[in-house]
Amino acid sequence: MNQSKPVNRHASGVLRPILLLSLLLPLAACGQATPQDAEQPAAARSAQAAVDAQIAADAHAAQGEPPLAGDPDSTATLFDGLLDCQPKGWYLNAESGRPANPYLARHTPEPCERDEEFGIAYFCVNADFHGLPVSRVVAHLGTAPTPIGILIDLPLDQARIHARRSLGSDFPDDARSQRGERPKLVPQGDNAQKSQLICTPDWA
């Protein structure tokens with residue numbers, strides 16, 4: 001008669017906690033982050049932040065530059081900043097191809113003449129700047145530094161009289177104008193019957 005072998009209950013009781021421990025140890029190891037593991041999420045977040053920032057910048061650029069403030073029907077908007085050689089919006093907007101200055105954009109949205117070689121755009125106007133009759137605005141085709149100013153339908157001597165009376169200066173070609181701090185009032189090329197109030201960059 002065969003006798004069944006007794007079950008070793010003591011051994012079974014010992015093995016059970018060992019098995020449980022062997023299962024729990026890998027789980028515990030998974031829960032412990034190494035310094036390298038902690039750095040990986042931080043690097044991923046930093047990379048994603050850079051991507052998000054670039055997406056936002058691209059979206060902002062796609063919208064174009066915000067319009068400049070100012071009454072588009074007032075010549076004060078057109079000539080704002082000219083006496084400091086910092087007129088507002090005297091260039092063509094890269095997105096729209098129109099002048100950024102609100103007055104120019106409304107009244108003369110296209111240059112009447114372009115000088116591609118020197119990057120200059122001429123806008124034909126019929127405006128008054130402190131008693132000086134302005135026929136053209138000399139602006140940038142882009143945003144690169146080029147001569148900017150106004151062409152005046154007066155001989156130089158008369159233009160100087162008007163400027164001195166209304167603006168307190170005849171705008172000589174001096175150190176301030178050479179530094180680009182204010183415009184200079186000079187003849188309009190070889191035309192003795194016309195003058196120009198012009199700001200020139202250092203290279204001009």
Side-chain angles (χ1 to χ4, degrees), residues 65-204:
E65 297 179 0
L68 296 177
D71 182 354
D73 292 319
S74 172
T75 55
T77 300
L78 172 61
F79 298 122
D80 183 24
L82 173 58
L83 295 181
D84 298 318
C85 285
Q86 295 182 354
K88 309 300 188 296
W90 283 22
Y91 59 88
L92 295 183
N93 187 294
E95 295 293 326
S96 65
R98 294 163 63 90
N101 182 277
Y103 183 94
L104 291 177
R106 170 166 293 186
H107 295 275
T108 175
E110 291 290 334
C112 56
E113 184 182 346
R114 295 170 181 256
D115 187 334
E116 302 285 350
E117 182 180 359
F118 289 101
I120 296 175
Y122 296 90
F123 294 91
C124 291
V125 298
N126 183 14
D128 179 275
F129 181 62
H130 297 278
L132 299 172
V134 179
S135 61
R136 288 192 178 193
V137 168
V138 184
H140 306 301
L141 271 178
T143 55
T146 59
I148 53 175
I150 54 177
L151 304 188
I152 302 166
D153 283 339
L154 282 178
L156 180 59
D157 56 346
Q158 294 183 32
R160 283 176 171 167
I161 292 172
H162 282 278
R164 194 179 301 112
R165 182 186 303 135
S166 60
L167 295 169
S169 173
D170 56 8
F171 298 96
D173 185 0
D174 58 9
R176 290 189 60 191
S177 65
Q178 292 172 13
R179 290 194 300 266
E181 297 175 357
R182 72 174 183 181
K184 57 186 177 183
L185 187 55
V186 294
Q188 198 177 123
D190 296 330
N191 191 339
Q193 299 304 310
K194 295 188 178 183
S195 53
Q196 58 184 340
L197 187 65
I198 200 81
C199 300
T200 55
D202 292 340
W203 56 264

Polar side-chain atom of [X] near backbone of [Y] as donor-acceptor pair, under 3.5 Å:
X    : Y    : answer
E113 : F123 : no
S166 : H130 : yes
D174 : S177 : yes
R98  : A105 : yes

Between atom CG of L185 and atom NE2 of H162, what is the distance when rounded to the nearest 0.5 Å? 11.0 Å
So CD of Q196 and CG of L132: to nearest 0.5 Å the spacing works out to 13.0 Å
Do you know which two heavy atoms are closest between T108 and P99, and how far apart they sit? O-CG, 3.9 Å
With a 4.5 Å heavy-atom cut-off, do [X] and [Y] have their side chains touching?
X    : Y    : result
S135 : I152 : no
Y122 : V138 : yes
V125 : L104 : yes
V137 : F129 : no
I148 : P87  : yes

Side-chain donor-acceptor contacts of residues 68-86 below 3.5 Å, not counting sequence neighbours, with atom names and distances?
from: D71; atom 1: OD1; to: D73; atom 2: N; distance (Å): 2.9
from: D73; atom 1: OD1; to: R106; atom 2: NH1; distance (Å): 3.4
from: D73; atom 1: OD1; to: H107; atom 2: NE2; distance (Å): 3.0
from: D73; atom 1: OD2; to: R106; atom 2: NH1; distance (Å): 2.9
from: S74; atom 1: OG; to: A76; atom 2: N; distance (Å): 3.1
from: T77; atom 1: OG1; to: D71; atom 2: N; distance (Å): 3.0
from: T77; atom 1: OG1; to: D71; atom 2: O; distance (Å): 2.8

